[in-house]
Amino acid sequence: MATKTKEGAAAHSDAETAAEDVTAVEETPRTGSGDEHPEPEADRAAKEDREPEDDVEPEEDAETEAEVSTGVGQGAGAVVSAALGLVSLSGGWIGTVAGARQQLVGQLRTSSTATVAKQIKAVYGDAWHSTAMWAGVFALAALLTGVVVLVRPAFGTPGRPQTPWIRSVAWAGVSLGVIGLLLAVLKYSDALLALPSAG
């Protein structure tokens, strides 16, 4: 009887020891700092690297918008310069109207008894000079606009090149302006297409 009691006590002691071992195994992963899945150091470093970049993005966006607005303005100026140069060569609507108006004024102010030379000068010569003057105004505007577009990068951010097509169109406007201004001076001074002689 005593032997059975000893065997039962030993079995009971073995069962308690096994239960304690199982409990210890289950509790082992739960011990520690409480963080079951610690964040790898590589991921933490990547996040730290990305944080400063987020702070820089607004500045880069502002610089990009400034570059785009500057390029648009310079492109528009170059196109306007070339258009004004073409108008200076053709005379334009304003020059035509100004010439017709001056011709009408000459007819009203010149009497029928005036000499032929005076009538030609008052009716046709003054109208021709008025057309030449307006052509010169457009040519000068084209020249100045083209020069402003070409020198604009010098007053902007250093080292930032100008778009090639903007420079090409601006140079075209400057060239047309120079040609138109030269022709206007020649026409106004009667060196080109002078009035016919009345004699």
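Worth saying up front: this structure is predicted, and the values here are computed from it rather than measured.
Val151 and Trp171 end up in the same hydrophobic cluster when Ile, Leu, Val, Met, Phe, Trp and Tyr side chains are linked at under 4.5 Å. Criterion: ILVMFWY side-chain heavy atoms under 4.5 Å apart, direct or through other members. Under it, Leu140 and Trp134 are not part of a common hydrophobic cluster. Note on Leu143 and Val148: separate hydrophobic clusters, where clusters join Ile, Leu, Val, Met, Phe, Trp and Tyr whose side-chain heavy atoms are under 4.5 Å apart, directly or indirectly. Hydrophobic clustering, with ILVMFWY side chains joined whenever heavy atoms are under 4.5 angstrom apart, groups Val87 together with Val80. Residues Met133 and Leu84 are members of one and the same hydrophobic cluster, defined by side-chain heavy-atom contacts under 4.5 angstrom among Ile, Leu, Val, Met, Phe, Trp and Tyr.
Taking CD1 of Ile120 as the reference point, atom OG1 of Thr115 lies at 9.0 Å (rounded to 0.5 Å). The distance from the CG atom of Leu86 to the OG atom of Ser81 is 9.5 Å, given to the nearest 0.5 Å.
Between Gln162 and Val149, some side-chain heavy-atom pair lies under the 4.5 Å cut-off. Within the 4.5 Å cutoff, the side chain of Ile94 has heavy atoms near those of the Phe138 side chain.
By the side chain to side chain contact (heavy atoms under 4.5 Å, CB included) test, Thr96 pairs with no residue at all, sequence neighbours left out. Asp126 meets the salt bridge (charged side-chain N to carboxylate O under 4.0 Å, His left out) test with Lys121; sequence neighbours excluded.
Across all non-hydrogen atoms, the minimal contact from Val123 to Gln103 is O-CG, 3.2 Å. For the pair Ala127 and Gly99, the tightest heavy-atom approach, listed with the atom from each and the gap, is CB-O, 3.1 Å. What you find for Leu192 and Leu183 is that their closest heavy atoms are CD2-CD2, 4.0 Å. Between His129 and Lys187, the shortest heavy-atom contact is CD2-O, 3.9 Å. Between Thr131 and Gly95, the closest heavy-atom pair is OG1-O, 3.5 Å. The two residues Ala132 and Ala184 come nearest to each other via the heavy atoms O-CB, 3.4 Å.
With Ser88 contributing its side chain and Gly180 its backbone, the two residues share no donor-acceptor pair below 3.5 Å. Judged by distance alone, with hydrogens and angles left aside, the side-chain atoms of Thr145 form no donor-acceptor pair with the main-chain N or O of Ala142 at under 3.5 Å. When atom types are taken as modelled, the side chain of Gln102 and the backbone of Gly125 share no donor-acceptor pair closer than 3.5 angstrom. The backbone N or O of Leu186 sits less than 3.5 Å from a side-chain atom of Ser189, completing a donor-acceptor pair. A side-chain donor-acceptor contact under 3.5 Å links Ser168 to the backbone of Pro164.
Environment of CH2 in Trp93: sparse, with no more than 12 heavy atoms of neighbouring residues, nucleotides or ligands closer than 6.0 Å.
If you chain together ILVMFWY residues whose side-chain heavy atoms come under 4.5 Å of each other, Leu108 ends up grouped with Leu104.
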